[in-house]
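The structure appears below as structure tokens.
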Amino acid sequence: MFSSDHLEWKFSQVFGEGRNSVDDGTDDVVSAVEFDSTGDYIAAGDRGGRIIIFEREQKTKESSKKGKSAEYKFFTEFQSHEPEFDYLKSLEIEEKINKIKWCKRQNQSHFLLSTNDKTIKLWKVYEKKIKAVSAFGDKKVPKKPSDLKLPSLDTRETLIGATPRRVFANAHAYHINSISLNSDGETYISSDDLRINLWNLGISDQSFNIVDIKPANMEELTEVITTAEFHPIHCNLFIYSSSKGTIKLSDMRSAALCDSHAKEFQEPEDPSSKSFFSEIISSISDVKFSRDGRYIVSRDYMTLKVWDINMESKPIKTIHIHDHLRPKLCDLYENDCIFDKFECTVSGDSNLIMTGSYHNNFHIYDRESKNECQLEASKMASKTKKAVPMKPGRKKSKDELNPDTIDFSKKVLHTSWHPYENIIAVAASNNLFVFNT
């Protein structure tokens, strides 16, 4: 088991140009990042609808276990989504990749799901060998059959191709915010603001609606779905979070329509801290199961919470990330930063949790011991950082406490953790950083 007491994180490599701001509106800003199930590949999606895949160099597999850097190299790039126009609603559908999920590998090819606001695609990424005739037969007429020489083919080069095997379209009236593959390897769910649909990977023209919170009168709408995820082990269980700060666990065995949840995880709001911004900052931006399925990690604007799946009343741990920003909530509301959706991710052993923040900082927390580690996603972050105790009385640095020194255009929204090793991928603007211990 990994423990942050002894972990020293160090910068390994970075991909992309050296721009820092997320708010410059360029197409190459990273909008999704995901390790595959082996950890040998990282897929990154951007606002321009492209997916870039990086492959781990085999020689660094053993060296990373000895404490050396884990190195990845460019594998392939392809255009996943194009900008579209909805003529019925007169709306532009941008090509930005919202989520990427790797499918379980069945053969030499890779399969992954990618989605923008409206359309989900199943991509096949494969190696294509280009062969050419390398040796011709003898021009002389052979005197006997054994003298007959046939032309031979040799592989001249290997190209990486990507083709869409399925296109799952026209099933969501609202913007898709998440997709999640089932542990059965055959089905997945996709969620938008009001509905969650269940799909079979082999059937693109039919889906089943399993959650629908749309009221008969839209004026009565009080909450929306923010994200959904399948249980990593039990194929019948899934969770979804809402803008009200609730997490609902549903069981597909109980009914075809899972509107009535099996469990609801919600912490009662403190009336003394209620304000105009309470509902906005309590909206959950991401939920993740731990790898063993025992814990649920949720991220809202101010905090990171760890829930035990067997205890609904309150989280077993609450980590305050943006408490020092409370005096700036009004300014953050005016510049829309208060609506930023920070993701969270859990290590392979379920003990460490990572989430992003502003100024290109991201935090790693130990679920059991009260340790934390703050790192900066930058090329200058080559110095080794060690976890420090997360004690209630620990004084933070002036830069942490003073929100006026924070650059809110630099933010880490998307992160991913290697399934077995302490290797993390962190997206900041159009850069993808890799750190390891």
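Within the 4.5 Å cutoff, the side chain of S80 has no heavy atoms near those of the I100 side chain. Counting heavy atoms from C-beta outward, Y358 and D340 have side chains that approach closer than 4.5 Å. When side chains are defined from C-beta on, E376 does not count as touching V412, because their heavy atoms never get closer than 4.5 Å. Residues L113 and L122 meet the side-chain proximity criterion, which asks for heavy atoms closer than 4.5 Å. Here the side chains of S31 and I97 are in contact, with some heavy-atom distance below 4.5 Å. At least one side-chain heavy atom of Y365 sits less than 4.5 Å from a side-chain heavy atom of I321. C258 is listed as a side-chain neighbour of M252, based on a closest heavy-atom distance under 4.5 Å. For the pair L112/I51, a side-chain contact is recorded, criterion being any heavy-atom separation below 4.5 Å from C-beta on.
With hydrogens and angles disregarded, a donor-acceptor distance shorter than 3.5 Å links the side chain of N360 to the backbone of K411. Checking side-chain atoms of S290 against main-chain N and O of Y295 turns up a donor-acceptor pair under 3.5 Å. In this structure, the side chain of S282 engages the main chain of E279 through a donor-acceptor pair within 3.5 Å. A donor-acceptor contact shorter than 3.5 Å is absent between the side chain of K317 and the backbone of L304. Under a 3.5 Å cut-off, the side chain of D36 and the backbone N or O of D40 do form a donor-acceptor pair. The backbone N or O of T119 lies less than 3.5 Å from a partner atom in the side chain of H81, making a donor-acceptor pair. With hydrogens and angles ignored, the 3.5 Å screen pairs a side-chain donor or acceptor of S180 with a backbone N or O of F230. Between the R367 side chain and the S350 main chain, a donor and an acceptor come within less than 3.5 Å of each other. The backbone N or O of E421 sits less than 3.5 Å from a side-chain atom of H418, completing a donor-acceptor pair. Under a 3.5 Å cut-off, the side chain of S178 and the backbone N or O of A228 do form a donor-acceptor pair.
Around OH of Y126, the count of heavy atoms belonging to other residues, nucleotides or ligands within 6.0 Å exceeds 12. For E92, the CD atom sits in a loose shell: 12 or fewer heavy atoms of surrounding residues, nucleotides or ligands are nearer than 6.0 Å. In N170, the CG atom is not crowded: 12 or fewer heavy atoms of neighbouring residues, nucleotides or ligands sit closer than 6.0 Å. Within a 6.0 Å sphere centred on CZ of R165, other residues, nucleotides and ligands contribute 12 heavy atoms or fewer. More than 12 heavy-atom neighbours from other residues, nucleotides or ligands sit within 6.0 angstrom of CZ on F85.
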Would you mind writing out the side-chain donor-acceptor pairs for residues 201-212 within the sub-3.5 Å range, not counting sequence neighbours?
| from | atom 1 | to | atom 2 | distance (Å) |
| --- | --- | --- | --- | --- |
| N209 | ND2 | I196 | O | 3.1 |
| N209 | ND2 | N197 | OD1 | 3.3 |
| N209 | ND2 | V211 | O | 3.0 |
| D212 | OD1 | K214 | N | 3.0 |
| D212 | OD2 | R195 | NE | 3.2 |

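Taking every heavy atom of both residues into account, K73 and E57 meet most closely at CD-CG, 3.7 Å. Nearest heavy atom pair, residue V33 against residue S416, reads O-CB, 3.8 Å. Of all heavy-atom pairs between V125 and F78, the closest is CG2-CE2, 3.9 Å. Nearest heavy-atom pair across T115 and I176 is OG1-CD1, 3.6 Å. For N236 against R253, the heavy-atom pair with the smallest separation is ND2-NE, 3.0 Å. Annotation for E34 and W102: closest pair O-NE1, 3.1 Å, computed over non-hydrogen atoms.
Evaluation of the salt bridge (charged side-chain N to carboxylate O under 4.0 Å, His left out) test over residues 294-315, restricted to residues two or more places apart or in two chains, returns E267-K305, R294-D308.
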- [ ] For side-chain contact (heavy atoms from CB on, under 4.5 Å), just list the numbers for S183 and H234, CA-CA rounded to whole Å, side-chain angles, deciding distance to a tenth of an Å, and then say yes or no.
- [x] CA-CA 7 Å; S183 58; H234 302 297; over 6 Å; no
Task: Derivation and outcome, side-chain contact (heavy atoms from CB on, under 4.5 Å), residues W417 and L352 - done: CA-CA 10 Å; W417 203 300; L352 302 175; 3.5 Å; yes
TODO: Could you give me the CA-CA distance, side-chain angles and deciding distance for F435 and F362, then say whether ring-ring contact (aromatic ring centres under 6.0 Å, His included) is met?
DONE: CA-CA 12 Å; F435 291 80; F362 61 97; 5.3 Å; yes
- [ ] Decide side-chain contact (heavy atoms from CB on, under 4.5 Å) for K129 and T158; before the verdict, give the C-alpha distance in whole Å, the side-chain angles of both, and the deciding distance to 0.1 Å.
- [x] CA-CA 4 Å; K129 293 181 178 178; T158 303; 4.0 Å; yes
TODO: Apply side-chain contact (heavy atoms from CB on, under 4.5 Å) to the pair I309 and F289, showing each step before the final yes or no.
DONE: CA-CA 9 Å; I309 200 169; F289 273 109; 3.9 Å; yes
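Taking 4.0 Å as the cut-off between side-chain N and carboxylate O, E343 and K99 count as a salt-bridged pair.
Atom CG of residue L329 and atom CD1 of residue I338 lie 5.0 Å apart, to the nearest 0.5 angstrom. Interatomic distance, L181 CG to C235 SG, rounded to the nearest 0.5 Å: 13.0 Å. Here the CD1 atom belonging to I296 is positioned 10.0 Å from the OG atom belonging to S241, to the nearest 0.5 angstrom. Taking CD1 of I120 as the reference point, atom CD1 of I179 lies at 6.0 Å (rounded to 0.5 Å). Annotation: the span from T437 atom OG1 to N422 atom CG amounts to 4.0 Å, rounded to 0.5 Å. Here the CD1 atom belonging to I364 is positioned 4.0 Å from the CD1 atom belonging to I424, to the nearest 0.5 angstrom.
In this structure, a donor-acceptor pair under 3.5 Å is present between the side chains of S190 and W199. Side-chain contact check for K96 and N98: at least one donor-acceptor pair (N or O, by modelled atom type) lies under 3.5 Å. If you check the side chains of N177 and T227, you find no donor sitting under 3.5 Å from an acceptor. Defined by atom type and a distance below 3.5 Å, a donor-acceptor pair is missing between the side-chain atoms of N371 and D366.
For F277 and Y301, the gap between ring centers reaches or exceeds 6.0 Å. Between F342 and H363, a ring centre-to-centre spacing not shorter than 6.0 Å is recorded.
The aromatic rings of F265 and W307 sit perpendicular to each other, their planes meeting at more than 60°, with 30° as the lower class boundary.
Test F111, F75, F54, Y72 against Y41 for ring pair (Phe, Tyr, Trp, His ring centres under 6.0 Å) and you get one pass: F75.
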